[in-house]
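Notes to accompany the following structure.
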Number of protein chains: 4
Amino acid sequence: MATAKAKAAEKGGPAGAPVPRRLMAAATRLFAERGYDRTSVQEIVEAAGVTKGALYHYFGSKDDLLHEIYGRLLRLQQERLDAYAGSEAPIEERVREAAADVVVTTIDNLDDAMIFFRSMHQLSPDKQKLVRAERRRYHEGFRALIEEGQKSGVFSTATPADLVVDYHFGSVHHLSSWYRPDGRLTPQEVADHLADLLMRALRP
Amino acid sequence: MATAKAKAAEKGGPAGAPVPRRLMAAATRLFAERGYDRTSVQEIVEAAGVTKGALYHYFGSKDDLLHEIYGRLLRLQQERLDAYAGSEAPIEERVREAAADVVVTTIDNLDDAMIFFRSMHQLSPDKQKLVRAERRRYHEGFRALIEEGQKSGVFSTATPADLVVDYHFGSVHHLSSWYRPDGRLTPQEVADHLADLLMRALRP
Amino acid sequence: MATAKAKAAEKGGPAGAPVPRRLMAAATRLFAERGYDRTSVQEIVEAAGVTKGALYHYFGSKDDLLHEIYGRLLRLQQERLDAYAGSEAPIEERVREAAADVVVTTIDNLDDAMIFFRSMHQLSPDKQKLVRAERRRYHEGFRALIEEGQKSGVFSTATPADLVVDYHFGSVHHLSSWYRPDGRLTPQEVADHLADLLMRALRP
Amino acid sequence: MATAKAKAAEKGGPAGAPVPRRLMAAATRLFAERGYDRTSVQEIVEAAGVTKGALYHYFGSKDDLLHEIYGRLLRLQQERLDAYAGSEAPIEERVREAAADVVVTTIDNLDDAMIFFRSMHQLSPDKQKLVRAERRRYHEGFRALIEEGQKSGVFSTATPADLVVDYHFGSVHHLSSWYRPDGRLTPQEVADHLADLLMRALRP
DNA sequence: CATGAATGAGTATTCATTCAT
DNA sequence: AATGAATGAATACTCATTCAT
C-alpha cells in the first residue's frame with residue numbers, strides 16, 4: 001500500500017496521493033482552466049475525489065489554496081535566482097542564465113504562472129501583501145545583478161535597472177498568454193531567445 | 001444646469017453626462033479598483049447614480065460593459081498603430097514611435113489596461129474569441145513592422161518577429177502592475193526607455 | 001385588491017400582506033417556537049411564502065429581523081412608560097399602573113418577549129449595544145418613578161430603587177417562561193397580582 | 001508535578017485535573033462567554049487541552065455537556081432548599097433564608113446560571129423535559145414553604161403562592177443579566193435586599 | 001425610458017459526529 | 001484511553017437578471 005501511494009503521488013494524481021496534494025493538484029488545474037472565481041470549492045473537491053470537509057481540514061479557505069500555489073512558484077524561482085546570484089561566473093553569463101532560467105521554469109509551471117498573473121488580485125489583501133513582498137524581493141535580487149553589470153561596464157546604463165527588470169519580467173508574465181506546449185519552439189528555445197533579447201538590449 | 005452638465009461630462013462624471021457614459025465610467029473605475037467579479041451590478045448603478053433598469057436598458061449584461069471597455073482600448077490602439085504603419089517615415093523611426101506610443105496610451109488608460117489584462121478571461125467565451133481576434137490583428141500589424149525592418153536589414157533577424165512582439169507587449173501589459181502616476185518617471189520617459197530597450201535589442 | 005390586502009394584513013398573515021410584514025410575522029413565530037439559531041433563513045422564507053432574495057431585499061441579515069423584533073417591543077413599552085411618567089396621577093397610582101401595564105403588554109406580545117430574553121445575546125455586538133442602551137433608558141425611566149415615590153415618602157427607602165426595578169423586571173422577563181394563554185389567570189389578573197406584590201413590597 | 005496538578009485543579013483548571021472536569025470547566029466558560037450555539041466542540045477541546053476523541057469518550061454529545069451543567073446547578077440548589085424546608089426554624093425565617101440563599105448560590109455560580117436561562121431551549125427536547133421536571137420539583141418545594149406561611153397566617157394570602165414563587169424566581173433568573181462581581185453590592189447584600197423585598201411583599 | 005421588487009440558483013464556510021488506528 | 005482525518009449535511013448570504021408597472 002505504501003508503494004501504491006508512492007506511485008500515484010508522482011504527479012499529485014488522484015489515486016492514492018495524500019489528500020492535500022490531491023487538492024492542490026485539482027485546484028491548480030481548475031484555476032488555470034477557468035480562473036479562480038469561476039471555480040467553485042465544490043468542483044475542486046469533486047476533482048480531488050474528497051469532500052468539502054477534508055478541504056477545510058487542511059486549508060483554511062479557498063484563498064489559502066491560491067496562496068499556496070503562489071508560494072510554491074515563488075519559492076522555486078527565488079531559490080534558482082539565489083543560485084545564479086551566488087555563482088562565480090562572470091556577471092554577463094549569470095544574468096543571461098538567470099534570465100533564461102526564469103523563462104524555462106515559468107513554462108515548466110505554466111499553470112501556476114497563469115494563475116499567478118491572473119488571480120493575484122483576488123487574494124485577500126493581507127495575503128496579497130505577503131506575496132507582493134516576496135515578489136519584490138525577487139525583483140530586487142534580479143535588479144542587483146543588472147546593476148552589478150552596469151557598474152562593471154558590461155551593461156549599458158542608458159536604462160535604469162528597475163525598468164530593465166520590469167521589461168524582462170513583463171515578457172515572462174506574458175508567457176502564459178501565448179506560449180503553447182505544442183508550439184513551434186521548445187521552452188529552452190524561447191528562453192534563449194528572450195534572454196538574448198535582454199542581453200542585446202543591455203549591450204553598451 | 002446646461003453648464004453644470006458640460007462641466008461634469010468632462011470625465012464621464014456622474015452629474016449630467018449621458019447615462020451610458022456614466023455607467024461606463026463607473027464600471028471602469030470599479031472593475032479596476034476591485035476586479036470584475038468583486039464588483040456587483042448594484043455597485044455600478046449606485047456609483048453611476050442610476051438604477052438597474054437603466055443599465056439593462058443600455059447594456060445586455062454585465063459582461064457587455066467589460067467587452068465595451070476592451071473595445072474602447074483596442075480601437076484606440078489599433079487606430080494609432082495604423083497611423084504609424086501607414087506613415088512615410090523610415091521603418092526604424094516608425095517602430096520606435098509605435099513602440100513608445102503604445103506605452104503612453106496604455107498609461108493614459110491605465111484602468112482600461114489593468115482591466116484588460118486581469119479580466120479578459122472572465123468574458124464569455126464568444127466575446128473572448130472576438131477580443132482575441134482583434135488583439136491578434138493588432139499583434140500582426142506590429143509584427144509586420146518588425147519584419148519590414150528585418151527584411152530591410154536595419155533590425156537583427158536573430159529573433160523571430162513574433163517573439164519580439166511578445167517580448168515588447170509583455171512589458172506593456174506589465175505596466176499596470178507597477179506603473180504609478182505619482183512615480184519618478186513621466187509616461188513619456190517610461191515610453192522612451194522601453195522603446196529604447198526594444199530598439200537596442202533589435203540592433204543587428 | 002386593496003381591500004383584500006388590508007384584510008389579510010390584519011395579523012401580518014401570509015395571503016396579501018406586504019412582504020416585509022409577512023417576513024416579520026413568520027420570523028417572530030419561528031424564533032419563538034424554536035429559537036433564533038435553530039431557525040434557518042430558509043424556513044423563514046418558506047413560512048412567509050417568499051424567496052430568500054426577497055428577504056435580503058428588505059433585511060440586511062437574519063440578525064436584522066431579530067433586531068426589528070426588539071425594536072418593535074421596546075418602542076411600544078417605552079411609549080407606554082412615558083405616558084405613565086407624564087401623567088398627573090399620584091405617584092403611587094402611576095407606579096402601580098405602569099408596573100401592571102408592562103405585564104399586560106408583555107403578555108400581549110409574548111412571542112416578542114420570549115425572543116427578547118432568549119436571543120438578545122445572539123445579536124451582533126453593535127446591535128446588542130443599541131438594544132442595551134434603549135433598555136437602559138427604559139429601566140431608568142422606571143427607576144425615576146420609584147425614586148420619586150421614595151422621596152415623597154410613599155415608598156420605603158429600605159431597598160435601592162435600582163434593585164427594586166430589577167426585582168420587578170425579573171418577574172416580567174420571567175413571564176414568557178411560565179405564562180400560558182390558556183392558564184387559570186387572565187393577563188390583567190396576573191398584571192394586578194404582580195403590581196400588587198411590588199406595591200406591597202414598597203410599603204414603608 | 002503532583003503539586004502543580006493539585007494547584008491547577010482548584011477550579012477545574014487545565015493543567016492536571018481529570019479530563020472530564022477540564023472539559024466541563026472549558027465548556028462552562030465558553031458557553032457563558034459566547035453562548036451554546038456560538039461555541040464549537042473544537043473550541044471546547046482546545047480550551048481544555050484535549051482532543052475531540054477524548055470529549056466523545058466522556059460525553060455522548062455537545063448537548064450532554066450542557067445538560068451536565070444544568071444538573072450541577074439544579075442538584076446544588078435543590079439540596080440547599082431541602083435543608084431549609086426541613087429546618088426547625090419558624091416559617092418566616094426559613095423562607096427568608098431560602099430566598100436569600102438561592103440568590104447567593106446563583107451569584108456564586110453565575111456562569112452556570114446564565115447558561116441555564118439563555119440556553120435551556122437549546123437542549124434536546126427529551127433532556128429539556130427532564131430539566132423542566134427537576135425545575136418544577138424545586139418550584140413546588142418553594143411554593144410549599146410559601147403556602148405553609150400563608151396557612152399559618154404569617155404571610156398574606158392576597159397573591160396565589162405560585163405567582164409569588166414566579167415573582168421571586170424571575171428576579172433570580174434576571175441576576176445574570178445585570179449582576180456584576182465588581183459592582184457596588186456584595187452577593188450577600190443583594191440577597192438580603194431581594195429576600196427583604198419578598199418578605200415585605202408577603203406581609204399580611 | 002426607467003423603476004425596483006422579486007427571483008432562484010449559486011457561493012464559501014462551519015461543525016457535530018464517526019471511526020480506523 | 002485517545003487521536004485526528006474525514007464526513008456530509010446544513011448555513012447565511014450574494015447577485016445577475018427579469019418583468020410588471
Side-chain angles (χ1 to χ4, degrees), chain A residues 18-20 22-23 36-46 48-65 124, chain B residues 18-20 23 36-46 48-66 124, chain C residues 18-20 22-23 36-46 48-65 124, chain D residues 18-20 23 36-46 48-66 124:
Chain A
V19 169
R22 261 151 66 193
L23 283 164
Y36 176 74
D37 61 290
R38 305 283 246 252
T39 302
S40 72
V41 168
Q42 189 57 47
E43 289 169 325
I44 297 170
V45 299
E46 270 164 22
V50 302
T51 61
K52 274 188 197 175
L55 187 156
Y56 283 96
H57 184 70
Y58 292 105
F59 298 91
S61 63
K62 187 183 169 189
D63 199 83
D64 264 12
L65 283 165
S124 69
Chain B
V19 169
L23 283 164
Y36 177 73
D37 61 293
R38 306 283 244 258
T39 302
S40 74
V41 168
Q42 188 58 45
E43 289 169 324
I44 296 170
V45 298
E46 270 165 24
V50 301
T51 61
K52 279 188 189 172
L55 187 152
Y56 282 95
H57 182 71
Y58 292 107
F59 299 91
S61 64
K62 186 184 171 189
D63 199 80
D64 265 14
L65 283 165
L66 190 54
S124 68
Chain C
V19 169
R22 260 151 68 193
L23 283 164
Y36 177 75
D37 61 290
R38 306 283 248 250
T39 302
S40 74
V41 169
Q42 188 57 45
E43 288 168 326
I44 296 170
V45 300
E46 270 165 23
V50 302
T51 61
K52 272 188 200 172
L55 187 154
Y56 283 97
H57 184 69
Y58 291 105
F59 299 91
S61 62
K62 186 184 170 187
D63 200 81
D64 264 12
L65 283 165
S124 69
Chain D
V19 169
L23 283 164
Y36 176 74
D37 61 293
R38 306 281 244 264
T39 302
S40 73
V41 168
Q42 188 58 46
E43 289 169 325
I44 297 170
V45 300
E46 270 165 23
V50 302
T51 61
K52 280 188 187 172
L55 187 153
Y56 282 95
H57 181 72
Y58 291 107
F59 298 90
S61 64
K62 186 184 171 189
D63 199 81
D64 267 11
L65 283 165
L66 191 53
S124 69

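The sequence lines fix the lettering, A, B, ..., with proteins before strands; numbering per chain opens at 1.
For dA5(E), one of the phosphate oxygens OP1 or OP2 lies less than 4.0 angstrom from a side-chain nitrogen or oxygen of His57(C).
Remark: Asp37(D) pairs with no residue by the salt bridge (charged side-chain N to carboxylate O under 4.0 Å, His left out) rule, at least two apart or across chains. Glu46(C) is linked by a salt bridge (charged side-chain N to carboxylate O under 4.0 Å, His left out) to nothing, counting only residues two or more places apart in sequence or in another chain. With sequence neighbours excluded, the residues forming a side-chain hydrogen bond (donor to acceptor under 3.5 Å, both in side chains) with Lys52(B) are Gln42(B), listed by chain and number. Applying the side-chain contact (heavy atoms from CB on, under 4.5 Å) criterion to Thr51(C), with sequence neighbours excluded, gives Ala54(C).
For the C1' atoms, the distance linking dC1(E) with dT21(F) amounts to 13 Å, nearest Å.
Atom CZ of Phe59(B) is separated from atom P of dT17(F) by 13 Å (rounded to the nearest Å). Summarising the geometry, the separation between CG on Asp64(B) and C1' on dT17(F) is reported as 13 Å, rounded to the nearest angstrom. The distance between atom CD of Glu46(A) and atom C1' of dT7(F), rounded to the nearest whole Å, is 15 Å.
Here Tyr58(B) contributes atom OH and Leu23(B) contributes atom CG; the two are 8.5 Å apart, rounded to the nearest 0.5 Å. Leu66(B) contributes atom CG, which lies 5.5 Å from atom OH of Tyr36(B) (distance to the nearest 0.5 angstrom).
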What's touching nucleotides 10-14 of chain E from the protein side, N or O pairs under 3.5 Å?
residue, atom, partner, partner atom, Å
dA12(E), OP1, Thr39(A), O, 3.4
dA12(E), OP1, Lys62(A), NZ, 2.9
dA12(E), OP2, Val41(A), N, 3.0
dT13(E), OP2, Tyr56(A), OH, 2.6
dT13(E), OP2, Lys62(A), N, 2.9
dT13(E), O5', Tyr56(A), OH, 3.3
dT13(E), O4, Lys52(A), NZ, 3.0

Derivation and outcome, side chain to side chain contact (heavy atoms under 4.5 Å, CB included), residues Val19(B) and Leu55(B): CA-CA 8 Å; Val19(B) 169; Leu55(B) 187 152; over 6 Å; no

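For the pair Pro20(C) and Val50(B), both in contact range of DNA chain E, the more 5′-proximal nearest nucleotide belongs to Val50(B).
The cationic atom of Lys62(A) (NZ for Lys, CZ for Arg) does not lie both less than 6.0 Å from the six-membered ring centre of Tyr56(A) and within 45° of the ring axis.
Residue Tyr58(D) is in sugar-phosphate contact alone, with no base atom involved, counting any heavy-atom pair closer than 4.0 Å across all strands shown.
Computed from C1' positions of five pairs at each end, the angle between the two local axes of the helix from dA2(E)-dT21(F) to dT21(E)-dA2(F) equals 10°, rounded to 10 degrees.
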